[in-house]
**Q** 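Can you read through this structure? Questions will come right after.
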Amino acid sequence: MYRELHSKEVFTIEKKKNCELKEGIKAGLPIVVGYIPIAMSFGILAKTVGLSMIDSFLFSAIVFAGASQFMALNLLVAGVGAGEIILTTLLVNFRHFLMSASLATKITKDMKKWIPLIAFGVTDESFSVASFKEGNLTKQFIIALQLLSYSAWVLGTVLGYGVGELLPPDITGSMGIALYAMFIAILLPEAKKSKKVLVLAILSGVFNTVFGYVHFLPKGWTMILAIVLSAGIGTYFDNRKEVQVCE
Amino acid sequence: MNKHILILILGMMLVTYIPRLLPFLLVVKNKIPKKMNDFLSYIPYTALGALIIPGVFSATPQMTEASLVGISFAIIYGWYRGGIIIPVFGSVLVTYLMFLLL
């Protein structure tokens with residue numbers, strides 16, 4: 001009887017793991033649709049710039065950060081040195097620091113071992129999806145999600161380099177909307193639940209627009225300041241409410 | 001040239017990976033104060049806001065009207081019905097159809 005119970009339990013755990021894995025793959029599909037055309041255009045651009053296939057592959061496989069990869073190619077063509085490109089990359093990608101910090105609060109014990117891998121897979125997209133996952137975050141979910149995104153990014157790059165314009169521009173152009181549609185679809189249910197969340201998100205977008213327009217910060221830091229400032233405002237108004245309750 | 005590129009890629013990898021990894025090591029090791037935790041819990045929302053605005057208005061430069069209709073589909077469907085897959089794939093399809101029509 002003990003054995004029977006035991007195997008039943010194992011079976012349920014396995015089933016749950018599989019379910020989380022499936023959920024992770026499902027959640028990653030919109031990212032795949034969004035990444036493929038961008039990665040392909042990176043591959044095409046890398047070829048145009050004169051990079052080898054291996055180098056283009058390594059860019060996507062080792063750096064795995066969209067905007068900064070395009071920026072690096074542009075700066076390379078402009079004759080900018082490696083040191084400066086690396087510094088700009090640090091600035092452009094530093095927003096992931098905030099995202100990792102936020103995601104880290106959701107890490108459970110059994111995920112600890114996988115931190116180096118999970119950290120590598122933090123992108124705007126995987127962070128957004130993982131943060132709003134229903135129920136607890138699991139390692140099966142996040143790793144499946146990240147691995148799928150990563151594969152799409154690397155595969156797209158190689159495909160773009162090797163085959164070029166595989167898809168007609170109307171289709172790749174339409175696919176360019178996918179990631180924005182995903183961000184919006186993630187945010188809306190939360191915004192519906194809480195007006196405060198909606199206001200903070202819009203505030204962050206307005207800050208991002210205004211700071212970008214005024215142009216007083218280096219690229220990348222506009223977004224960081226917008227995120228930090230509006231999250232700070234959210235935290236501040238949290239506390240005021242608590243103080244009022246105490247009084 | 002090739003060696004130069006490899007150094008560049010490795011350098012970019014380091015400055016990208018370290019900021020992605022460091023917070024995990026810090027947060028998991030140390031207990032973070034409640035206020036900090038509250039602040040971090042707002043990051044997903046405000047990050048989404050900044051990721052959407054203003055980028056969404058220039059998502060597809062060659063066909064702005066079509067992409068606006070596509071995004072509208074995602075907003076309307078997402079608001080009333082929710083979900084991710086249908087708003088995303090639907091908006092891509094709508095954008096494509098609008099592009100064919102316009």
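These values consider heavy atoms only, across backbone and side chains, with no hydrogens, waters or symmetry-generated copies. Bear in mind the structure is a predicted one, so any value in this text is a computation, not a measurement. Chain A is the first sequence line, chain B the second, and so forth, proteins listed ahead of strands; every chain is numbered from 1.
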**Q** What option among A:Ile54, A:Leu187, A:Ile118, A:Ile233 has the most heavy-atom pairs under 4.5 Å with chain B?
**A**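 Result: the option with the highest number of such pairs is A:Leu187.
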**Q** Does A:Asp170 use its side chain to pair, donor to acceptor, with the backbone of B:Leu100 at less than 3.5 Å?
**A**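 Judged by distance alone, no pair lies under 3.5 Å.
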**Q** Under a plain distance cut-off of 3.5 Å, with no hydrogens placed, do B:Asp38 and A:Thr235 share a side-chain donor-acceptor pair?
**A** no
**Q** By a 4.5 Å heavy-atom criterion (distance strictly below it), what part of A:Phe127 contacts chain B: side chain, backbone, both, or neither?
**A** side chain
**Q** As an exercise: rank A:Gly81, A:Ala178, A:Ser52 by heavy-atom pairs under 4.5 Å with chain B and give me the winner.
**A** A:Ala178
**Q** Hey, which of A:Leu229, A:Ile177, A:Asp124, A:Leu58 has the most heavy atom pairs under 4.5 Å with chain B?
**A**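 Most pairs with chain B among the choices: A:Ile177.
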**Q** Taking non-hydrogen atoms and a cut-off under 4.5 angstrom, which of residues 96-106 of chain A neighbour chain B?
**A** A:His96, A:Phe97, A:Leu98, A:Met99, A:Ser100, A:Ala101, A:Ser102, A:Leu103, A:Ala104, A:Thr105, A:Lys106
**Q** Answer with side chain, backbone, both or neither: which region of A:Phe64 has an atom nearer than 4.5 Å to a non-hydrogen atom of chain B?
**A** both
**Q** In Å and rounded to the nearest 0.5 Å, what is the OH to CG distance from B:Tyr17 to A:Asn93?
**A** 14.5 Å
**Q** By a 4.5 Å heavy-atom criterion (distance strictly below it), what part of A:Ser131 contacts chain B: side chain, backbone, both, or neither?
**A**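 Only the side chain of A:Ser131 comes within 4.5 Å of chain B.
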**Q** Hey, could you give me the CD1/CD1 distance between B:Ile43 and A:Ile227, rounded to the nearest 0.5 Å?
**A**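 It is 6.5 Å, given to the nearest 0.5 Å.
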**Q** Is it the case that the side chains of B:Tyr42 and A:Lys196 hold a donor-acceptor pair, with the cut-off being a distance below 3.5 Å and no angle test?
**A**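 Indeed, the side chains of A:Lys196 and B:Tyr42 share at least one donor-acceptor pair under 3.5 Å.
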**Q** Hey, which of A:Val92, A:Val122, A:Ile86, A:Leu87 has the most heavy atom pairs under 4.5 Å with chain B?
**A** A:Ile86
**Q** Supply the atom-to-atom distance B:Leu48 CG to A:Leu188 CG, rounded to the nearest 0.5 angstrom.
**A**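 If we round to the nearest 0.5 Å, B:Leu48:CG and A:Leu188:CG are 10.0 Å apart.
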**Q** Using a cut-off of under 4.5 Å on heavy-atom pairs, state which of B:Ile86, B:Ile84, B:Asn37 scores highest against chain A.
**A** B:Ile84
**Q** Hey, what do you get for CD (A:Glu84) to CG (B:Leu8), rounding to the nearest 0.5 Å?
**A** 12.0 Å
**Q** Does atom CE (A:Met53) have a neighbourhood of more than 12 heavy atoms from anything else shown, all under 6.0 Å?
**A** yes
**Q** Given the options A:Ile224, A:Ile186, A:Ile202, which has more heavy-atom pairs under 4.5 Å with chain B than any of the others?
**A** A:Ile186
**Q** To the closest 0.5 Å, what do you measure between CZ (A:Phe120) and CZ (B:Phe24)?
**A**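 The CZ atom of A:Phe120 sits 13.0 Å away from the CZ atom of B:Phe24.
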**Q** Rounded to the nearest 0.5 Å, how far does CG of B:Leu6 lie from CD1 of A:Ile62?
**A** 7.0 Å
**Q** Identify the heavy atoms of B:Leu51 and A:Ser128 that sit nearest to each other, and give their distance.
**A** CD1-OG, 3.9 Å
